[in-house]
Protein chains: 2
Amino acid sequence: MKEGPDIALIGSLIGDPARANMLTALMGGQALTPTELAAHAGITLQTASSHLAKLEAGGLLTQRKQGRHRYYALAEDEVGLMLESLMGFAASRGLTRHRPGPRDPALRKARVCYNHLAGDYGVRLLDSLVAARQIEVTGEDLALTDAGRHRIEALGIDYDALQKSRRPICRTCLDWSERRSHLAGSLGEALLTHFIEEGWAKREKGSRVIRFSHNGERAFLELFPL
Amino acid sequence: MKEGPDIALIGSLIGDPARANMLTALMGGQALTPTELAAHAGITLQTASSHLAKLEAGGLLTQRKQGRHRYYALAEDEVGLMLESLMGFAASRGLTRHRPGPRDPALRKARVCYNHLAGDYGVRLLDSLVAARQIEVTGEDLALTDAGRHRIEALGIDYDALQKSRRPICRTCLDWSERRSHLAGSLGEALLTHFIEEGWAKREKGSRVIRFSHNGERAFLELFPL
DNA sequence: TTCATAATTCGATCGTAGTCGAAGCATTCC
DNA sequence: GGAATGCTTCGACTACGATCGAATTATGAA
């Protein structure tokens, strides 16, 4: 009768439109305050506060106090992966509330998925690393090869620091626009940070879009060929 | 504000405990009837029917009519992947429930489905006839070839008698233990009757189990190879 | 201190969705 | 043919949760 994990609780948390809007907003990767999230969801602050408490109790969000602000963010990578999976299915069903506008192609090209690169460029990144045998694919698992380690160290990324964290370095994440996997995990995060620090790309305010500069785009495509 | 796919609808569908129980049950891979699903969810048939209609409208389930039964199953692989992702997260939160026990192996091996053979042996029977080009598959329809007609007449089955009845001779029937089609229709019935009359197998009282004798099992496997 | 901003808590209202009994179809069994 | 089974539809009841106004707490600024 009752077997397996309890998905109803998680589902009901995501199932409320207001909460779903907040979670979608937080998929941008930035921590947001209750006031900002209330605006995203189109509800009052009181209601938002109640929702956020539930999401936190359910383990989907974490909260960080900072002065008189409280910053909410997705609790773990796993939350982002799960939401992306839901989005993938919803998108395949044609359940998109987003009116097809000019921002849509930009979103499909490159966007942030919690903390790593997604969209066409995100998929290309993983494909390129796999093609160069710098990442090995075993089923759904990814592993960095020796060549891969040297490669990212050459980019100036501290491999030992990545290894210290308990999070997996490489991880697949299903891309809802491309419907293929892109690179998540601490390496995925580090690479996106690297691109931004190098000035190749930057986050667009108030959305998940990642804008590549002209030179940044050229460098990215050259560095990660197919 | 509102970008990306609408995950709230999907979430709310999964969010109801009764529906979550049904989906969990269907993760087993077998197609189930509303009655069975109602039992899994601990609700009445009426309520289950309402839930199933919603899940189907949401694209999570598909339905297949079979006589006076309706078999529900997960609509696509993507649904399973999505649920798996949710379960993974729920499990990591420690939100686990009971563990499933092994079902009756004899039922899985061979049982009666109305009047024809089902289970592992039932699926094998159809597979073998198809492999020998004695039955042709066109989508969900089955057709007996000339070779097939000669084959069953050689077994002593009266083909003309089968043709006289209004019922289709060959028909697919979804096997709940194997989750694949087996052979139904008047031919399916005639074959099971044949096996029993030959003494190869007999029905077990008070259950749906079909017990093959030692010699019967040997003869069956030899006559219908894979 | 006093005021302003940020956020939570409380309480009341209101809709909606889950639930089941009863009735209505559809199909199969005898 | 009629009875039995499987399932859906309809209608009514109920309960839970989303929502917001008002009051409360907490932090920072003047």
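Chain A is the first sequence line, chain B the second, and so forth, proteins listed ahead of strands; every chain is numbered from 1.
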- Examine C:dA7: is either OP1 or OP2 under 4.0 Å from a nitrogen or oxygen in the side chain of A:Thr35? Give yes or no. yes
Just the table, please: protein N/O against nucleotides 17-20 of chain C N/O, every pair under 3.5 Å.
{"residue": "C:dG18", "atom": "OP1", "partner": "B:Arg19", "partner atom": "NH1", "Å": "3.1"}
{"residue": "C:dG18", "atom": "OP1", "partner": "B:Arg19", "partner atom": "NH2", "Å": "2.6"}
{"residue": "C:dG18", "atom": "OP2", "partner": "B:Lys54", "partner atom": "NZ", "Å": "2.7"}
{"residue": "C:dT19", "atom": "OP2", "partner": "B:His51", "partner atom": "NE2", "Å": "2.6"}
{"residue": "C:dC20", "atom": "OP2", "partner": "B:Thr44", "partner atom": "N", "Å": "3.2"}
{"residue": "C:dC20", "atom": "OP2", "partner": "B:Thr44", "partner atom": "OG1", "Å": "3.2"}
{"residue": "C:dC20", "atom": "OP2", "partner": "B:Thr47", "partner atom": "OG1", "Å": "3.0"}

- Item | Sidechain N-carboxylate O distance under 4.0 Å for B:Glu217, B:Arg124 | no
- Item | Where A:Ala90 and B:Ile10 come nearest, the two heavy atoms and their spacing | CB-CG1, 4.1 Å
- Query: OP1 or OP2 of C:dT27 less than 4.0 angstrom from a side-chain nitrogen or oxygen of B:Lys65, does that happen here?
  - Reply: yes
- Message: Any non-hydrogen side-chain atom of A:Leu61 less than 4.5 Å from a side-chain atom of A:Leu74?
- Response: yes
- Is A:Arg171 paired with A:Glu76 through a side-chain N to carboxylate O contact shorter than 4.0 Å? no
- C:dT16 P sits how many Å from B:Leu13 CG, rounded? 17 Å
- Note on the structure: Note: chain A reaches DNA chain D at heavy-atom distances under 4.0 Å over the stretch, first to last nt, 5' to 3', of D:dA18 to D:dG28
- Query: Rounded to the nearest 0.5 Å, how far apart are CG of A:Leu52 and CZ of A:Arg19?
  - Reply: 10.0 Å
- Query: What residue among A:Leu83, A:Leu9, A:Thr24 forms side chain to side chain contact (heavy atoms under 4.5 Å, CB included) with A:Ile14?
  - Reply: A:Leu83
- Query: How is A:Tyr71 classified with respect to the nucleic acid when contacts are heavy atoms under 4.0 Å: base, sugar-phosphate, or nothing?
  - Reply: nothing
- Task: For the pair A:Phe195 and A:Trp200, name the ring-plane relationship: parallel under 30°, tilted 30 to 60°, perpendicular over 60°.
- Result: parallel
- Query: Just how far, in rounded Å, is P of C:dT5 from CD of A:Glu36?
  - Reply: 16 Å
- Please give, in whole Å, the distance from C:dT5 P to A:His69 NE2? 12 Å
- Message: Could you tell me how far apart B:Leu45 (CG) and C:dC25 (P) are, to the nearest whole angstrom?
- Response: 17 Å
- Item | Check against side chain to side chain contact (heavy atoms under 4.5 Å, CB included), A:Leu117 and A:His182 | CA-CA 8 Å; A:Leu117 187 63; A:His182 59 242; over 6 Å; no
